[in-house]
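So that the names make sense, note that chain A is the first sequence line, chain B the second, and so on, each numbered from 1.
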Amino acid sequence: MESYGGPLARRLEVIGSCLEGEGVVSREVFLRLIDKTPREEYGDYGFPLMRFAGGRDLGEILSKVKGCVEALEISGVSLSIDRGFLNIRFNEYVIGREVISLYEKGWRVDVSKVGEADVKSIVVEHTSANPVHPLHIGHARNASLGDTLARMLKARGHRVVRRYYINDVGRQTAVVVYGFKILNATPRDVAAILKTKVDHAIGWVYALTHTAIDVVLARKNIVEEDLNLLVSTLARLRERGGRELADKIIEAVSSLEDPEVEVSKIMLRYEKGLEPEKSLVRSIAEAALEGFKETLEKLGVEFDYWDWESDIVWSGLLAGVLNELSKSGFTKIHKGAIALDTAAVVRSIVERDNVLRESIKLPRGFEVPPMVLSRSDGTTLYWTRDIAYSIYKFQQSKADKVINVVAVEQKLPQLQIRLALAAIGRVKEAANMIHYEYEMVNLPGRAMSGRRGEYVTLDELLEEAEARALLEVKTRNPNLDEETVRNIAKKVAASAIRFSLVQPGALKPLTFDTAKVLNFEENTGPYLQYTYARASNILEKHGPIKYELANPQTYSEPLRRNILITTLAYPMVSAKAADELRPEDLAAYLLKLADIFNKWYQKDSVIHEKDTEAREAKAVLVKLVKDTLSSGLTLLGVTPLERM
RNA sequence: GGGCCCGUAGCUCAGCCAGGAUAGAGCGCCGGCCUCCUAAGCCGGCGGUCGGGGGUUCAAAUCCCCCCGGGCCCGCCA
């Protein structure tokens with residue numbers, strides 16, 4: 001049974017149990033639907049009782065529940081009925097007294113943990129950007145969401161493993177290897193010439209090679225792309241990097257009758273694990289990953305495992321899965337190739353399994369297209385490799401649940417992978433593989449494309465944000481030394497970016513306005529950090545809290561009361577956000593809390609309070625806010641700063 | 001053609017899944033507040049036919065149907 005803990009949640013749970021005992025509504029539904037009242041005068045929390053009363057007299061239910069609550073010796077809560085709602089008001093004196101004594105005993109503000117029986121082993125796979133171009137703002141959204149989900153679930157008490165899937169098999173790495181072969185240079189050589197990070201150099205070679213190939217193909221009308229556009233892209237890329245290097249690639253590619261032959265050859269040989277392609281691809285991918293790690297570290301994103309797609313192929317895992325699939329009875333010939341008959345899987349497995357059907361959420365009347373399992377030249381396809389990888393993730397981490405943070409445009413393959421798992425009898429895995437989808441990030445006025453080198457890199461963005469934050473921090477803290485200032489600026493910059501990517505719901509298409517994110521008056525990430533710094537500052541000036549002197553009577557003042565009640569909702573709010581995979585709910589809550597605190601800050605000084613009992617009680621509130629923000633911000637990847 | 005997502009204040013969004021209390025924030029705009037815990041802040045004001053239309057209900061931003069606008073997917077690409 002779900003339990004949220006903490007002084008507030010404990011009381012709400014009892015009320016829920018009493019309602020359940022009365023046969024009105026289950027405790028679970030009660031806890032799910034209970035919400036803060038829209039207006040203070042109604043009480044603290046409200047529950048739409050009318051919907052569940054089933055014609056019974058609300059007053060009668062109220063008195064029964066009141067009796068039940070009293071019998072269980074729960075104090076500090078009063079209930080009332082108003083316009084069909086069951087309203088709950090907490091007694092700030094009782095609650096405040098409880099908090100003070102909890103703090104005296106060393107209590108810590110934290111996300112409430114799941115019960116021991118509910119602890120799950122969860123894999124979060126995220127970011128997994130192709131190692132052929134630097135990370136851009138879209139990857140940053142993926143990484144921010146993925147890392148935050150991992151942090152929230154871990155804080156909730158689950159065992160969490162973070163995995164990065166390195167897509168080194170396939171055309172994209174073959175293209176970039178081809179480019180480096182022409183140059184007869186390593187990524188590090190090119191990076192030195194271009195004076196950039198190694199992953200940026202790789203991205204440049206990739207875009208250049210890819211576009212040069214497309215020019216050849218467009219000339220022969222094999223691909224339908226605007227030739228003029230391609231040529232101008234090529235020219236732009238040439239200007240951006242080393243012209244000599246660019247010309248070498250362009251000339252070599254143009255001289256070929258069909259550059260695809262070369263690319264295909266590299267791809268085929270790599271998949272077989274043949275040299276020199278094996279070392280070439282690996283060394284380039286590793287160089288790119290080195291660059292990624294540097295970038296991700298700035299954002300505070302870390303991984304437990306880096307999984308190579310090629311290992312899934314070379315280890316024979318994929319061959320085994322393909323074998324299982326072909327014996328499953330669910331394959332058929334589609335357009336001359338062996339394919340998984342996903343529609344048949346739906347009919348004979350999914351529709352007969354309620355759990356699976358619920359989990360997969362197949363649209364009604366939607367015929368899932370078949371899934372071709374391998375190319376006719378014998379090489380594998382990324383989605384079949386991903387089926388094998390999915391099994392690998394479950395097995396390696398003995399996972400109960402695998403969460404894939406993958407862009408919404410991959411919805412269909414993600415669905416097909418689950419159907420494939422079901423087809424080979426891995427129904428449990430199919431039901432527990434979650435596609436956490438997020439919408440793309442657009443730049444104002446243009447589309448992003450790795451193939452064309454059209455992107456704002458995360459490194460550039462971080463650099464710009466740091467520069468702006470540095471100016472700001474310096475003017476505010478003229479006496480701080482250079483290194484401290486620089487560190488604060490870095491944290492502010494990274495936090496601003498992360499928060500802006502995690503605050504809106506993941507399914508909202510995002511237009512990333514660099515200017516807005518970098519404007520710290522508008523961005524709410526730094527606002528939260530600032531609020532935390534204010535709270536820290538007060539406590540620092542106040543010194544150690546004398547809990548024995550703190551008088552909870554003083555919490556009757558409305559603003560103070562509001563802070564008390566709002567902060568105490570944290571264990572519950574953060575737990576819910578984790579369970580529902582909704583970081584945006586946590587973000588909204590923290591903003592609300594910061595608003596309340598800042599409002600209070602303005603008109604009710606703590607350290608200048610003359611009355612000792614009131615001063616200590618107020619300091620307890622500041623500590624509550626500080627601790628809550630500290631925990632919540634950390635989950636969102638926003639670094640709490642004592643000073644900014 | 002089929003499927004999914006988004007459409008709420010000038011802008012960015014919350015609320016929709018699990019229908020109820022005067023639809024909320026932030027930014028922007030206008031006007032105020034630093035001899036007093038950091039003004040990255042606070043106070044006040046302006047601003048909404050919740051894309052449109054129908055239906056269900058005592059009650060609809062929320063559920064159902066139709067339509068409109070934007071995005072994504074339907075590949076022997078990743």
> A/Leu33 near the nucleic acid: base, sugar-phosphate alone, or nothing, with a heavy-atom cut-off under 4.0 Å?
Replying inline: base
>> Can you check the distance between B/C30 and B/U35, where both ends of the measurement are the C1' atom (answer in whole Å)?
In response: 29 Å
>> Which label fits A/Tyr164 and A/Phe292: parallel for a plane angle under 30°, tilted from 30 to 60°, or perpendicular past 60°?
In response: tilted
> With a non-hydrogen cut-off below 4.0 angstrom, is A/Asp377 in contact with a base, only sugar-phosphate, or nothing?
Replying inline: nothing
>> Any base atoms under 4.0 Å from A/Val473, or only sugar-phosphate, or nothing? Heavy atoms, all strands.
In response: base
>> Mind checking if A/Tyr527 touches a base, just sugar-phosphate, or nothing, with heavy atoms under 4.0 Å?
In response: sugar-phosphate
> Is the distance from OP1 or OP2 of B/A39 to the nearest side-chain N or O of A/Arg534 less than 4.0 Å?
Replying inline: yes
>> Classify A/Arg385 by what it touches in the nucleic acid, base, sugar-phosphate, or nothing, heavy-atom distance under 4.0 Å.
In response: sugar-phosphate
> Are any of A/Tyr382's side-chain N or O atoms less than 4.0 Å away from OP1 or OP2 of B/A78?
Replying inline: no
>> With a 3.5 Å cut-off and heavy atoms only, can you find an N or O donor on one side and an acceptor on the other between the side chain of A/Asp595 and the base of B/A25?
In response: no
>> What is the separation between atom OH on A/Tyr589 and atom P on B/G15, rounded to the nearest whole Å?
In response: 17 Å
> What nucleotide, of B/A40, B/A21, B/C74, holds the atom closest to the side chain of A/Pro526?
Replying inline: B/A40
> B/C37, B/C42, B/C4: which one has an atom nearest the side-chain heavy atoms of A/Lys599?
Replying inline: B/C42
> Roughly, in whole Å, what's the span from NZ in A/Lys576 to C1' in B/A18?
Replying inline: 10 Å
> Looking at B/G26, B/A40, B/U22, which one has an atom nearest to any side-chain atom of A/Tyr530?
Replying inline: B/A40
> Using a cut-off of 4.0 Å on non-hydrogen atoms, how would the nucleic acid contact of A/Val372 be classed: base, sugar-phosphate, or nothing?
Replying inline: sugar-phosphate
> For B/C76, which nucleotide in any strand shown is its Watson-Crick or wobble partner with both distances under 3.5 Å?
Replying inline: none
> With a 4.5 Å heavy-atom cut-off, do A/Tyr270 and A/Leu268 have their side chains touching?
Replying inline: no
>> Can you measure A/Tyr436 atom OH to B/C4 atom P for me and round it to whole angstrom units?
In response: 21 Å
>> I'd like to know if A/Asp585 pairs up with A/Lys576 as an ion pair, taking the criterion as any Lys NZ or Arg NE/NH1/NH2 lying under 4.0 Å from an Asp or Glu carboxylate oxygen.
In response: no
>> Using the C1' atom as the point on both nucleotides, what is the distance between B/U8 and B/U49, in whole Å?
In response: 12 Å
> Does B/A21 have A/Tyr42 stacked on its base, where the ring centres are within less than 5.5 Å and the planes differ by under 30°?
Replying inline: yes
> Between A/Glu642 and A/Ser536, does any side-chain donor sit less than 3.5 Å from a side-chain acceptor?
Replying inline: yes
> Does B/G7 have OP1 or OP2 sitting under 4.0 Å from an N or O in the side chain of A/Lys508?
Replying inline: yes
> Taking the same atom, P, in B/A61 and in B/G51, what whole-Å distance lies between them?
Replying inline: 10 Å
> When the distance from CZ of A/Phe597 to C1' of B/G41 is rounded to whole Å, what number comes out?
Replying inline: 11 Å
>> Can you tell me the base-pairing partner of B/U12? Count Watson-Crick or G-U wobble geometry only, both distances below 3.5 Å, and say none if there is no partner.
In response: B/A25
> Are the side chains of A/Lys618 and A/Trp600 in touch, meaning some heavy atoms are under 4.5 Å apart?
Replying inline: yes
>> Work out how far the C1' atom of B/C27 is from that of B/A40, and round it to whole angstrom.
In response: 14 Å
> What nucleotide, of B/G20, B/G41, B/G71, holds the atom closest to the side chain of A/Arg51?
Replying inline: B/G20
>> Does the structure show a Watson-Crick or G-U wobble partner for B/A18, both distances under 3.5 Å? Name it, or say none.
In response: none
> Expressed in angstrom and rounded to an integer, what is the separation of A/Phe47 atom CZ from B/A18 atom P?
Replying inline: 14 Å
>> Distance check needed: B/G41 P versus A/Gln602 CD, whole Å only.
In response: 11 Å
>> Measuring to OP1 and OP2 of B/G3, would you say a side-chain N or O of A/Lys411 lies under 4.0 angstrom away?
In response: no
>> In this structure, how many angstroms lie between the C1' atom of B/A78 and the NE2 atom of A/His136, rounded?
In response: 12 Å
>> From C-beta outward on A/Arg32, which listed nucleotide comes closest to its side chain: B/C73, B/A21, B/A18?
In response: B/A18
> What nucleic acid atoms does A/Asp604 come within less than 4.0 Å of, heavy atoms only: base, sugar-phosphate, or nothing?
Replying inline: base
> So what does A/Leu507 hit on the nucleic acid, given a heavy-atom distance under 4.0 Å: a base, only sugar-phosphate, or nothing?
Replying inline: sugar-phosphate
> Checking all strands, does A/Ala588 fall into the base, sugar-phosphate, or nothing category for heavy-atom contacts under 4.0 angstrom?
Replying inline: nothing
> What does B/C37 pair with, Watson-Crick or G-U, if both distances are under 3.5 Å?
Replying inline: none
>> If we ignore hydrogens and angles and just use 3.5 Å, is the side chain of A/Glu580 paired with the main-chain N or O of A/Arg582 as donor and acceptor?
In response: no
> Would you call A/Glu40 and A/Arg89 a salt bridge, using N to O less than 4.0 angstrom?
Replying inline: yes
> Looking at B/A78, B/G2, B/C74, which one has an atom nearest to any side-chain atom of A/Phe366?
Replying inline: B/G2
>> Give me the distance, rounded to whole Å, that separates B/G52 from B/C68 when you measure between the P atoms they each carry.
In response: 15 Å
> Given side chains that start at C-beta, do those of A/Leu415 and A/Leu362 come closer than 4.5 Å, heavy atoms only?
Replying inline: yes
>> Using the C1' atom as the point on both nucleotides, what is the distance between B/C43 and B/C4, in whole Å?
In response: 45 Å
> Distance between the P atoms of B/G15 and B/C63, in whole angstroms?
Replying inline: 12 Å
> Which part of the nucleic acid does A/Lys335 contact within heavy-atom distance under 4.0 Å: base, sugar-phosphate only, or nothing?
Replying inline: base
>> What's A/Glu580 touching, base or sugar-phosphate or nothing? Going by heavy atoms closer than 4.0 Å.
In response: base
>> Rounding to an integer number of Å, can you tell me how far A/Leu559 CG sits from B/C42 C1'?
In response: 12 Å
> Ignoring hydrogens and angles, are the base of B/C76 and the side chain of A/Ser376 linked by a donor-acceptor pair under 3.5 Å?
Replying inline: yes
> Given B/A21, B/C37, B/A78, which nucleotide is nearest the side-chain atoms of A/Asn130?
Replying inline: B/A78
>> Would you measure the distance from the C1' atom in B/C64 across to the matching atom in B/U57 and give it in whole Å?
In response: 12 Å
> Using a cut-off of 4.0 Å on non-hydrogen atoms, how would the nucleic acid contact of A/Met644 be classed: base, sugar-phosphate, or nothing?
Replying inline: base
> Looking at A/Tyr165, does any N or O in its side chain come under 4.0 Å of the phosphate oxygens OP1/OP2 on B/A78?
Replying inline: no
>> With a 3.5 Å limit on both atom pairs, tell me what B/C42 is paired to, counting Watson-Crick and G-U wobble, or say none.
In response: B/G32
> Any idea which of B/A78, B/C74, B/C37 is nearest the A/Pro413 side chain?
Replying inline: B/A78
>> Could you check whether A/Asn598 and A/Thr531, counting side-chain N and O atoms only, form a donor-acceptor pair closer than 3.5 Å?
In response: yes
> When all nucleic acid strands are considered with a 4.0 Å heavy-atom cut-off, which category describes A/Arg582: base, sugar-phosphate, or nothing?
Replying inline: sugar-phosphate
> Where does B/C34 land, syn or anti, once you apply the within-90°-of-0 test for syn?
Replying inline: syn
> Base, sugar-phosphate, or nothing: which does A/Gly46 touch, judged by heavy atoms less than 4.0 Å apart?
Replying inline: base
>> Here's one to test your reading of the geometry: is the NZ or CZ of A/Arg451 within 45 degrees of the ring axis of A/Tyr206 and under 6.0 Å from its centre?
In response: no
>> Closest-nucleotide mapping onto RNA chain B: is A/Asn598 or A/Thr37 further toward the 5' terminus? I mean the 5' end.
In response: A/Thr37
> For A/Arg375 and B/C77, is the shortest distance between a side-chain N/O and OP1 or OP2 below 4.0 Å?
Replying inline: yes
